[in-house]
Amino acid sequence: MKTISPPFLLSCAFLGISVSLSGCAAALGGREIIYVGHNQASDHPTNLALLAFEEYIEDKLGDKYDVEVYPSELLGSQTDMVQLTQTGAIHICVASNSILETFSENYTLFNMPYLFSSSQAYHAAMDDPSVTGPIFESTKSAGFQAVTWLDAGTRNFYTVSVPIHTPNDLKGLKIRVQQSPTNVQMMRLLGGSATPMSFGEVYTALQSKVIDGAENNEMALTSNGHGDVCKYYSYDMHQMIPDILVANNRFLDSLSREEQKIFREGFRLVNQVERREWTKAVEDARDKAETVQKVQFLYPDTRPFQEICTPMHQDFLSGHPDILPVYQKIQEYNAEYPPAPEQEDTK
Ligand code: GCU
């Protein structure tokens, strides 16, 4: 049972009152509540995976910990939640890799457009600790660290009324992007007008025509209802941006060796369950978008988009030479897992 409410924690955090995690546990006088926040709906693969985590941890350590999963931005936007995880007001949250680049520039690498040649290359790279290690550990000094990654598919443009076949079609359109400098720059290069905002604000912005479109995976059409408003979804395949599960360092360090092992296993489970659920969820989303929401799926030639965006890679690497070996490792996976043949566009 909850005895400290998240709004209490949030107001403490926003008022600058220091709430230490051990303080929370003491205040509860028993089982420590582990606050876990994310921004997806309760039937989304992310939530299902975190519920599996809750069950696993409580099965092993239920006499000591009570894991509470808060979906749908109940603990705030992703940026708020990362800040709360940083200070220790909450323990764990899911953040898109996009917004993490404002906490450590190393994360920028995984936000690069057209970084991975295929889903297989993306998965193999993200499963390789020599790729993720230098990135995931880079926020340690900021108070939190990445403990696993979640598949968030491929990001593509979708619009209310203008079908996107070429970058030229984006000219003059206001497109919502995630709150990250890389996404703003990408949008600028492609010719659209970048409108950064948090995920929870996008539906209303689309509906009220503050924006002409957005970019995301297929789940946004159905799980977030964007397909009720946007009728064109264009597979330009510009990014494969993982979601990242991040945890407060002080909390992780406070665990005994045995508990750390159990939590590590729990984090592995989050990755496995989410990826298993993801494939089916995307198939269902495509089906519902097409048949119920009447969204038209388009398959443009991705090369013109790619040619405009890939110079961003060299720009980033020239300012971050230490990340070059990681980038080169990703290129090895790209060579091993080349892109699937493209579908024809239906103009
Ligand atoms: C995806 C991703 C989220 C992210 C969202 C967004 O849904 O999984 O982590 O917040 O895109 O565009 O903001």
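Start at 1 and go down the list; that is how both ligands and their atoms are numbered.
- Of the candidates Gln40, Arg176, His38, Gln78, the one placing a heavy atom closest to atom 6 (C) of ligand 1 is Arg176.
- Regarding atom 4 (C) of ligand 1, its nearest protein heavy-atom neighbour is Gln178 NE2, 3.6 Å.
- When heavy-atom distances to ligand 1 are checked against a 4.0 Å cut-off, Glu201 has no atom that comes that close, whether in backbone or side chain.
- Considering backbone and side-chain N/O of Asn39, one or more are found under 3.5 Å from N/O of ligand 1.
- In terms of modelled atom types and a separation under 3.5 Å, the side chain of Gln293 and the main chain of Leu221 share a donor-acceptor contact.
- Among all protein heavy atoms, the one lying closest to atom 1 (C) of ligand 1 is Asn216 OD1, 3.3 Å.
- At a heavy-atom cutoff of 4.0 Å, ligand 1 is contacted by no atom of Val202, backbone or side chain.
- Numbered from 1 in the order shown, with element, the atoms of ligand 1 that lie under 4.0 Å from a heavy atom of Asp243 read 2 (C), 3 (C), 8 (O), 9 (O).
- Considering only residues two or more places apart in sequence or on other chains, Glu215 meets the salt bridge (charged side-chain N to carboxylate O under 4.0 Å, His left out) condition with Arg155.
- The distance between the ring centers of Trp149 and Tyr122 falls below 6.0 angstrom.
- The aromatic rings of His91 and Tyr35 sit parallel, their planes meeting at an angle under 30°, below the 60° perpendicular limit.
- Between Gln239 and Met186 the shortest side-chain heavy-atom distance falls below 4.5 Å.
- Proximity of Thr85 to Ile92: side-chain heavy atoms (C-beta onward) are nowhere separated by under 4.5 Å.
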